Amino acid sequence: MCFAESSRSAVLKRACFLLTVILLPTSLLAQAADIRVAVAANFARPMKVLAEQFSEDSAYTLTVSLGSSGKLYAQIVHGAPFDLFFSADQEKPLALEQRGLAQSGTRFTYALGALLLWSGSKPAGTSVKELLLTGEFQRLALANPRFAPYGTAADDVLQNLGLLEQTRSKRVLGENIAQTFQFVASGNADLGFVALSQLTPLESVAAQSIWRVPATLHRTIRQDAVLLAHAADSDAAREFLTFVRSERAARIMEAHGYRAPSHSGIQQQ
Amino acid sequence: MTLSDTDLAAIVLSLKLAGTVTVILLVLCTPLAWWLATTRSSWRGTVNAVVALPLVLPPTVLGFYLLVAMGPQGFIGEITTWLGLGTLPFTFTGLVIASLLYSMPFVVQPLQNAFLALGKRPLEVAATLRAGPLDRFITVVLPLSRGGYVTAAVLGFAHTIGEFGVVLMIGGSIPGETRVVSVEIYDHVEALQYANAHSLAAIMLVFSFLILLGLYSVQSRSTASLWPSR
């Protein structure tokens with residue numbers, strides 16, 4: 001009798017335990033899904049810090065999904081449940097707004113990107129800029145100018161330096177700036193146009209192996225964010241957008257090699 | 001449905017890559033599959049496992065290691081640089097080598113199965129007729145394994161055409177050199193040119209279906225014709 005009872009309570013305990021195990025992840029998910037943010041791959045590192053700081057200060061938590069802007073855009077068009085979209089360009093947030101998938105009036109430039117010419121295997125004595133100008137390299141990596149904003153900017157630089165034709169056969173294209181970085185980091189391309197944010201902080205990089213490309217040589221890399229229609233009523237998402245525009249967020253972005261538009265003197269459109 | 005010049009170049013490149021890889025694989029995999037089918041060596045399990053690895057590994061793993069290994073600091077890269085070939089990523093040769101690894105199980109396994117299905121009997125009979133080992137292989141094994149070779153060639157070819165992840169990681173999307181159809185489709189999608197992506201993707205779909213349809217109807221015909229004789 002006594003044995004039967006204790007075994008019954010053991011069964012009950014086990015059932016409770018099982019229920020907890022099954023239900024726990026769903027409750028965690030529900031909690032984690034306060035704000036779902038789709039973020040262009042180049043902005044991964046600052047977004048991680050922004051998300052942490054924001055979660056510390058507010059009651060909300062953030063889930064970040066990384067990808068190329070093109071892929072994230074396609075997912076949003078096909079119903080992906082994101083609340084916010086941080087693109088690497090301006091066209092895609094605008095296009096979402098025009099399709100009625102983003103809340104009009106919420107689009108803004110959250111960061112300005114900067115371009116860096118970088119070599120992981122540069123011979124001593126010359127700077128990377130000289131290498132680019134003299135053509136003494138095998139492969140030049142850049143993001144695909146057809147769709148990657150940092151690639152379009154790199155293409156501008158080559159055009160403005162009159163190097164478009166002579167570099168054509170040496171160019172290898174990354175599908176995004178992260179892959180472009182990987183081509184140079186693995187030594188497979190001796191030169192590459194990467195995002196300043198990818199090598200920041202620059203202290204650990206040899207001065208000769210980088211060239212901070214002047215912003216006058218390419219169109220400005222404006223990265224826009226927008227509130228998606230799906231989250232039009234989300235206070236959490238709006239609160240995060242306000243945080244991104246704050247002084248504190250600007251400092252985080254600057255520490256990661258971006259300029260915050262409100263601090264750079266460049267007018268927002 | 002409109003195809004641009006770069007689309008056509010990508011199709012030609014894909015066919016060239018798959019053709020080259022299939023021919024090389026059929027030659028390389030014949031002795032390998034024969035050894036796997038006949039050996040009693042304790043290494044058999046290990047070699048089988050290594051050959052089958054690309055079936056289970058994500059292409060990103062293979063692509064990443066190839067990028068590192070074929071780079072200037074990698075061991076393959078050091079060998080190719082020493083040979084005066086330069087480094088292999090972003091070249092057609094590099095894609096061929098990557099595809100050889102990637103498509104190998106699709107060629108080895110059908111051949112291995114064909115050789116196993118053959119059994120010892122035909123070879124023993126041929127040996128009593130004084131056929132030497134090479135003679136036995138060419139006049140007995142090869143004709144009797146015809147079905148296995150067709151399957152191996154078709155699967156190797158189709159799988160190389162369908163390759164994406166590895167090519168994306170070591171290719172660098174160079175027109176006419178490494179920008180194959182799957183990468184071209186991906187580039188169209190990234191550039192939001194969905195109509196162009198549709199055209200190429202539809203061609204891939206129909207092409208792949210027809211290849212497999214052809215393979216399976218040939219297979220079922222040959223098995224069907226075997227039944228009455230048994």
Side-chain angles (χ1 to χ4, degrees), chain A residues 40-41 67-78 87-89 91-96 98-99 119-123 137-149 151-152 167-190 192, chain B residues 4 6-7 10 60 63-78 80-81 84-92 94-95 98 164-180 182-198 201:
Chain A
S68 72
S69 304
K71 231 175 303 173
L72 294 171
Y73 172 86
Q75 289 173 356
I76 292 164
V77 168
H78 293 98
S87 183
D89 64 1
E91 287 80 15
K92 289 171 191 97
L94 179 66
L96 286 175
Q98 286 163 348
R99 295 179 82 142
S119 167
S121 54
K122 186 201 67 69
F137 57 91
Q138 301 296 317
R139 306 266 185 205
L140 170 68
L142 59 151
N144 197 325
R146 235 183 104 195
F147 45 79
T152 319
T167 56
R168 197 170 291 280
S169 62
K170 294 177 172 179
R171 279 196 249 169
V172 293
L173 306 180
E175 58 120 344
N176 56 40
I177 202 66
Q179 198 190 17
T180 312
F181 185 88
Q182 184 191 17
F183 285 162
V184 185
S186 64
N188 282 299
D190 27 12
Chain B
S4 67
T6 57
D7 288 348
T60 40
F64 175 68
Y65 279 133
L66 280 173
L67 185 69
V68 174
M70 303 203 303
Q73 284 98 41
F75 75 99
I76 301 177
E78 279 177 2
T80 53
T81 313
L85 299 170
T87 51
L88 293 175
F90 322 127
T91 63
F92 182 73
L95 288 199
F164 170 64
V166 177
V167 177
L168 186 77
M169 289 192 74
I170 65 164
S173 192
I174 303 169
E177 176 100 14
T178 61
R179 192 184 289 165
V180 296
S182 53
V183 172
E184 177 82 354
I185 294 175
Y186 186 81
D187 284 357
H188 282 322
V189 174
E190 288 284 303
L192 313 187
Q193 287 166 345
Y194 298 153
N196 302 29
H198 263 311

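The sequence lines fix the lettering, A, B, ..., with proteins before strands; numbering per chain opens at 1. Values in this document were obtained by computation on a predicted structure and should not be read as measured data.
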Is there a donor in the side chain of B/E184 and an acceptor in the side chain of B/T6, or the other way round, less than 3.5 Å apart? yes
Top of B/I174, B/D187, B/L88 for chain A proximity - count of heavy-atom pairs under 4.5 angstrom: B/D187
What orientation do B/F90 and A/F183 show, parallel under 30°, tilted 30 to 60°, or perpendicular over 60°? perpendicular
Would you say the side-chain atoms of A/D190 pair up with the backbone N or O of A/F137, donor to acceptor, closer than 3.5 Å? no
Under 4.5 Å, counting heavy-atom pairs only, tell me which of A/E91, A/R139, A/Q182, A/Q179 racks up the most with chain B. A/R139
Closest heavy-atom pair and its distance - B/T87, B/T81: CG2-OG1, 4.1 Å
Say whether, by atom type as modelled, one donor and one acceptor occur between the side chain of B/E177 and the main chain of B/F92 under 3.5 angstrom. yes
Heavy-atom contact with chain A under 4.5 Å, split by part of B/Q73: side chain
Residue B/M70 versus chain A: region with a heavy atom under 4.5 Å: backbone
Cut-off 4.5 Å, heavy atoms of chain B, and the answer for A/R171 is backbone
Portion of B/L192 that has a non-hydrogen atom of chain A nearer than 4.5 angstrom: side chain
